Number of protein chains: 2
Amino acid sequence: MNIGDVAQRSGLPAKTIRYYEEIGLIRPQRGENGYRRFREQDLHKLAFLGRARALGFTIEDCRTLIALYEDESRESGQVKRVAEEHLHQIDDKIAQLQSMRATLAELVSCCAGDDRPDCPILEDLAQDVPEEAVGASEGVR
Amino acid sequence: MNIGDVAQRSGLPAKTIRYYEEIGLIRPQRGENGYRRFREQDLHKLAFLGRARALGFTIEDCRTLIALYEDESRESGQVKRVAEEHLHQIDDKIAQLQSMRATLAELVSCCAGDDRPDCPILEDLAQDVPEEAVGASEGVR
DNA sequence: TGTGGGGCCTCCAGTCACTGGAAGGTCAAG
DNA sequence: CTTGACCTTCCAGTGACTGGAGGCCCCACA
């Protein structure tokens, strides 16, 4: 199979597949013409990667997961630990977004949204910083 | 005020403040020694930026919001539109993360997490792609 | 046998919003 | 006069791609 075929069948863009080779996630063979030649097992791995990425695992997680997948003597506890760690990060992210969402929704609901200049959204953003809050805004990304 | 003072009082790292100058969000004056000299209005603007960024607005949104803030003849509808657009993007993001979370939590709960190699998480990731689903995985980032 | 078009190759640059670090100038206290 | 904190610029790296230029390769059709 050429890259176009695996792109089609895995759902990943050809560019992404080349990138995965570049960072050592896959090692397709090469034909005499220099074209990448993919076997079924390469496709399988790409599909694995596509699903792991769709679940939000980082590339480094994917590397770990594939290594575990190929390791017959793995312990499922290792896999579970990676997944749980990721789950916690997702939970943190959701919590952070929900907090933003709450504030933002409140502001939006207070804004008339008409042709007058008065706007509670801008007023909120322009508040003075309370003096004692200095240096207290860590951990926001 | 020097950059260290505004960093302290705005809660933004000095590096970030220099970056904001570089991309034209702020224009502090300069002293004879080459140091940036910040006035209260610069600090105010940085605090505005810090809060807008904490709500997840992009830098480009911030540019727009500051321009609107400084425009006496703005219409609050313009501000509201920017905020609503952003709110929708947050909602999309939350929905996407919750969907990932659901799948992942299910997989984690199915995994024994012991010293045996059998692992439903890996099994799920390694599933074959159904033939008819080819090309149907758009919109996942 | 030539030609056209699509697929493939590599390499480079850009994304977003910073962040880290090196090399060096400035300032105030002791 | 030295020390150390603070400031400066410039360059490179982050994550995970994505876009584009410039150029080969291959196959079908005339």
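Labels below follow one simple rule: chain letters A, B, ... track the order of the sequence lines, proteins then strands, and each chain is numbered from 1. The structure presented is a predicted model; accordingly, all values stated were derived computationally and were not measured.
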Length of the CD-P vector between Glu22(B) and dC11(D), whole Å: 11 Å

Nearest heavy atoms of Val108(A) and Glu84(B), plus distance in Å: CG1-CG, 3.7 Å

Under 4.0 Å protein heavy-atom contact, by nucleotide of nucleotides 7-14 of chain C - B base, S sugar-phosphate only: BSSBB---

Flag if over 12 foreign heavy atoms under 6.0 Å of CZ, Arg116(A): no

Which residues share a side chain to side chain donor-acceptor pair (under 3.5 Å) with Tyr20(B), sequence neighbours left out: none

Atom-pair distance (CG on Leu12(A); P on dC17(D)), nearest Å: 8 Å

Divergence of helical axes at both termini of the helix from dT1(C)-dA30(D) to dG30(C)-dC1(D) - five pairs an end, 10° steps: 30°

Pairwise salt bridge (Lys or Arg N to Asp or Glu O under 4.0 Å) hits with a residue in residues 22-33 of chain A, at least two apart: Glu21(A)-Arg30(A)

Rounded distance in Å - OH (Tyr19(A)) to C1' (dG19(D)): 16 Å

Electrostatic pair Arg39(B)-Asp42(B), nearest N-O below 4.0 angstrom: yes

Non-hydrogen atoms of Leu12(A) and Gly50(A) that approach each other most closely: CD2-CA, 4.1 Å

Nucleic acid contacts - residues 57-70 of chain B versus DNA chain C, non-hydrogen atoms under 4.0 Å: Thr58(B), Ile59(B)

With Asn2(A) via side chain to side chain contact (heavy atoms under 4.5 Å, CB included) - residues at least two apart: Asp5(A), Tyr35(A)

Length of the CZ-C1' vector between Arg53(B) and dA17(C), whole Å: 6 Å

Flag side-chain contact, heavy atom, 4.5 Å: Arg9(A) against Met1(A): yes

Polar side-chain atom of Ser10(B) near backbone of Leu43(B) as donor-acceptor pair, under 3.5 Å: no

Heavy-atom pair of closest approach, residues Tyr69(A) and Ala126(B): OH-CB, 3.2 Å

